[in-house]
Amino acid sequence: MTSSDKGADTGAWKASAESEAKAKKNRLLAFLLWGLGIAVEIGAIFGLLLNKSILEEKATVDAKGVLTTDNAFPTWAFALLIGLLVLDAILVIIGSMLWKKANELDPASEQQKVKFFIQNQLGAFIPIIAFLPIIILIFLNKDMGKTQKGIAGAVGIVVALAAVALGIDFNPASVEKYTADKQAVIQLLGEDKVYYAGGGEVYHVCGDVSDLADSTVESGTTADAVAAGKARLTLKLGSELEACDRPVPNNLDEIVAAIRAVQQGESTEQVLPSPDWSGVENAPSGGALDSLEDALEDVNAS
């Protein structure tokens with residue numbers, strides 16, 4: 001598999017053309033589903049809650065034996081309202097999942113703080129638009145019975161909270177996180193080349209590991225791996241380097257700890273500790289080491 005110019009070996013991590021295309025498709029589908037969810041909400045509001053023509057006349061006898069009639073929210077409309085609330089939640093949540101996937105494929109940079117926040121947490125704001133108005137109107141509705149109002153309001157609140165919670169991205173992908181992974185690959189292998197297979201969530205520095213056994217192994221740049229749905233570098237770097245008879249730096253644990261901190265959002269520092277090759281057999285040296293350092297400088301300077 002080859003990478004586009006955006007996935008070149010040097011410079012900060014950039015999404016491949018394939019990733020950008022997939023992300024664009026997912027975002028369009030997300031907006032479509034969000035739009036349908038809001039349309040369902042509007043339909044429920046004007047077709048049920050504010051539609052006086054659907055009300056049924058209900059006769060009651062008070063304590064004094066006086067017969068009175070009043071409007072009542074029909075049972076069928078109540079059942080339909082519950083169904084529309086659930087349908088609204090399904091559409092909004094699926095849209096948010098697609099939006100999150102798009103952000104994994106083509107993330108924003110943490111340096112653009114406003115864009116980074118809005119892009120990654122939009123899936124948490126859309127449910128507010130899709131549910132808050134209808135929940136308010138349910139509790140203000142004078143034609144629904146107390147039981148109907150209580151059940152419908154509770155359902156609306158529960159599905160809204162679920163949609164918001166599932167829409168929040170607690171550890172969003174970023175250009176900086178992917179750049180840290182790319183830097184680690186280059187400083188350990190000398191080039192931006194990794195290995196991955198279907199079904200896994202990570203990419204590897206060696207193609208001959210147990211995690212890839214009995215799978216069709218592909219190789220490419222870190223950008224290619226992300227396009228294939230592998231959002232991060234494995235942290236089993238020591239065993240993988242040994243499996244492919246590659247040199248293991250003395251301070252690998254320190255490098256892995258730095259990668260983990262960036263991946264988990266505990267650190268925004270994308271420049272990792274430099275490998276300590278002193279005394280390591282087959283460690284890069286001479287021209288190979290110079291080329292490696294030049295490649296890392298290109299990543300760090302971008």
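In this chain, numbering begins with 1 at the start of the sequence shown.
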Chemist: In the structure I gave you, are the side-chain heavy atoms of S219 and Y196 within less than 4.5 Å of one another anywhere?
Modeler: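 Sidechains of Y196 and S219: no contact.
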
Chemist: Can you sort out the partners of F131 under ring-ring contact (aromatic ring centres under 6.0 Å, His included), two or more places apart, ordered by chain and number?
Modeler: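 So F131 forms no ring-ring contact (aromatic ring centres under 6.0 Å, His included) with any residue.
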
Chemist: To the nearest 0.5 angstrom, please state how far the CG atom of L98 sits from the CH2 atom of W34.
Modeler: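 If I round to the nearest 0.5 Å, the distance is 9.0 Å.
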
Chemist: What is the distance from atom CG of L84 to atom CD1 of I45, rounded to the nearest 0.5 Å?
Modeler: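 So the gap between those two atoms works out to 11.0 Å.
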
Chemist: So does V217 get a backbone contact from the side chain of S215, meaning a donor-acceptor N/O pair under 3.5 Å?
Modeler: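 Checked: no pair found.
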
Chemist: Just jot down the side-chain hydrogen bond (donor to acceptor under 3.5 Å, both in side chains) partners of N171, sequence neighbours excluded, or say none.
Modeler: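 N171 satisfies side-chain hydrogen bond (donor to acceptor under 3.5 Å, both in side chains) with K177 once adjacent residues are dropped.
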
Chemist: Between W99 and F31, how do the two ring planes meet: parallel, tilted or perpendicular, split at 30° and 60°?
Modeler: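 Rings of W99 and F31: perpendicular, as their planes differ by over 60°.
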
Chemist: Has the side chain of E218 got a donor or acceptor atom that lies under 3.5 Å from a matching backbone atom of Y195?
Modeler: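 Judged by distance alone, no pair lies under 3.5 Å.
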
Chemist: Residues two or more places apart in sequence or in another chain: which of them pass side-chain hydrogen bond (donor to acceptor under 3.5 Å, both in side chains) with N51?
Modeler: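 Listed in chain order: S53.
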
Chemist: Step by step, would you call V209 with L212 a side chain to side chain contact (heavy atoms under 4.5 Å, CB included)?
Modeler: CA-CA 6 Å; V209 293; L212 299 177; 3.8 Å; yes

Chemist: Between Q148 and N141, is a side chain to side chain contact (heavy atoms under 4.5 Å, CB included) present by the stated rule, with each step listed?
Modeler: CA-CA 10 Å; Q148 290 179 325; N141 192 285; over 6 Å; no

Chemist: Between N71 and K142, is any pair of side-chain heavy atoms under 4.5 Å apart?
Modeler: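 The answer is no, as the side chains (C-beta and beyond) never meet within the 4.5 Å cut-off.
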
Chemist: Check for me, please, whether V86 and L36 land in the same ILVMFWY cluster - side-chain distances under 4.5 Å, paths through other members count.
Modeler: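 Yes, V86 and L36 fall within the same hydrophobic cluster.
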
Chemist: Is the closest basic N to carboxylate O distance between K22 and D106 below 4.0 Å?
Modeler: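 Salt bridge absent between K22 and D106.
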
Chemist: Could you tell me whether a side-chain N or O of S96 sits under 3.5 Å from a main-chain N or O of G167, the two making a donor and an acceptor?
Modeler: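 A pair under 3.5 Å: no.
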
Chemist: Measure across N120 and D169 and return the closest heavy-atom pair with its distance rounded to 0.1 Å.
Modeler: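 Residues N120 and D169, closest heavy atoms: O-CB, 3.5 Å.
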
Chemist: Would you give the length of the straight line joining atom NZ of K14 to atom NZ of K182, rounded to the nearest 0.5 angstrom?
Modeler: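 Output value for this atom pair is 8.5 Å.
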
Chemist: Looking just at side-chain N and O atoms, do N282 and R246 make a donor-acceptor pair shorter than 3.5 Å?
Modeler: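 No, no side-chain donor-acceptor contact under 3.5 Å.
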
Chemist: What are the two closest non-hydrogen atoms of A77 and L48, and how far apart are they?
Modeler: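 Between these two residues, the closest heavy atoms are O-CD1, 3.8 Å.
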
Chemist: Answer whether the closest heavy-atom distance between the side chains of L233 and L237 falls below 4.5 Å.
Modeler: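 A side-chain contact exists here, since the closest heavy-atom pair is under 4.5 Å.
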
Chemist: After noting the C-alpha distance and the side-chain angles of N250 and S278, does the key distance pass the side chain to side chain contact (heavy atoms under 4.5 Å, CB included) rule?
Modeler: CA-CA 7 Å; N250 296 314; S278 58; 3.4 Å; yes

Chemist: Roughly how far, to the nearest 0.5 Å, is CD of Q111 from CZ of F116?
Modeler: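 CD of Q111 is found 11.0 Å from CZ of F116.
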
Chemist: Give, for atom CD1 of I126 and atom CD1 of I93, the distance between the pair rounded to the nearest 0.5 Å.
Modeler: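 Between atom CD1 of I126 and atom CD1 of I93 there are 13.5 Å.
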
Chemist: Does E281 reach the side chain of P247, with side-chain heavy atoms less than 4.5 Å apart?
Modeler: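 The answer is no; the side chains never approach within 4.5 Å.
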
Chemist: Looking only at non-hydrogen atoms, find the nearest pair between D88 and G37 and report the distance.
Modeler: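 Looks like OD1-O, 3.0 Å.
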
Chemist: Once side chain to side chain donor-acceptor pair (under 3.5 Å) is applied, what residue pairs with a partner in residues 228-241 remain, sequence neighbours excluded?
Modeler: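 Pairs touching residues 228-241 that pass the test: H204-E240, D211-K236.
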
Chemist: Decide yes or no on side chain to side chain contact (heavy atoms under 4.5 Å, CB included) for E20 and K24, but give the supporting numbers first.
Modeler: CA-CA 6 Å; E20 289 182 335; K24 182 178 180 181; over 6 Å; no

Chemist: Does L161 belong to the same Ile/Leu/Val/Met/Phe/Trp/Tyr cluster as I94, with side-chain heavy atoms less than 4.5 Å apart forming each link?
Modeler: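 In one cluster with L161: I94, yes.
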
Chemist: Provide the closest heavy-atom pair for A23 versus L105 in the form atom of the first, atom of the second, distance.
Modeler: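 Closest approach of A23 to L105: N-CD1, 3.9 Å.
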
Chemist: Can you pull the ring-ring contact (aromatic ring centres under 6.0 Å, His included) pairs that have at least one residue in residues 152-179, sequence neighbours excluded?
Modeler: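 ring-ring contact (aromatic ring centres under 6.0 Å, His included) check on residues 152-179 returns W13-Y178.
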
Chemist: Between E176 (side chain) and E110 (backbone), is there a donor-acceptor pair under 3.5 Å?
Modeler: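 Looks like yes, one N/O pair under 3.5 Å.
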
Chemist: When you compare the side chain of I259 with that of I255, does any pair of heavy atoms fall below 4.5 Å?
Modeler: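 With C-beta onward as the side chain, the pair touches.
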
Chemist: I'd like to check the side-chain hydrogen bond (donor to acceptor under 3.5 Å, both in side chains) partners of Q121; sequence neighbours left out, ordered by chain and number.
Modeler: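 Expected list: none.
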
Chemist: In the single-linkage hydrophobic clustering (I, L, V, M, F, W, Y; side-chain heavy atoms under 4.5 Å), do I134 and L140 co-cluster?
Modeler: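 Unlinked, I134 and L140 end up in two clusters.
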
Chemist: Please tell me whether V155 and L132 are part of a single hydrophobic cluster in this structure, the criterion being side-chain heavy atoms less than 4.5 Å apart.
Modeler: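 The answer is no; the residues belong to distinct hydrophobic clusters.
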
Chemist: To the nearest 0.5 angstrom, please state how far the CD atom of E41 sits from the CD1 atom of I135.
Modeler: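 Output value for this atom pair is 9.0 Å.
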
Chemist: Would you call K100 and E104 a salt bridge, taking side-chain N to carboxylate O under 4.0 Å as the test?
Modeler: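 Here K100 does not pair with E104 in a salt bridge, since their nearest N and O are not under 4.0 Å apart.
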
Chemist: Tell me whether I136 shares a hydrophobic cluster with F125, the cluster being built from Ile, Leu, Val, Met, Phe, Trp, Tyr side chains joined at under 4.5 Å.
Modeler: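 Same cluster.
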
Chemist: Could you tell me which non-hydrogen atom of A197 sits nearest to which non-hydrogen atom of T216, and how far apart they are?
Modeler: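 Distance-wise, the nearest heavy atoms are CB-O, 3.5 Å.
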
Chemist: Does a side-chain heavy-atom distance below 4.5 Å link T221 with V194?
Modeler: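 T221 does not reach V194 side chain to side chain.
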
Chemist: Indicate yes or no: at least one non-hydrogen side-chain atom of T222 is less than 4.5 angstrom from one of Y203.
Modeler: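 They are in contact (side-chain heavy atoms under 4.5 Å apart), so the answer is yes.
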
Chemist: Do V92 and L33 make a side-chain contact, defined as non-hydrogen atoms from C-beta onward lying under 4.5 Å apart?
Modeler: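 Of all side-chain heavy-atom pairs linking L33 with V92, none is under 4.5 Å.
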
Chemist: Considering all heavy atoms of both residues, which atom of S19 and which atom of A223 are nearest to each other, and what is their separation?
Modeler: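 That closest heavy-atom pairing would be OG-O, 4.0 Å.
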
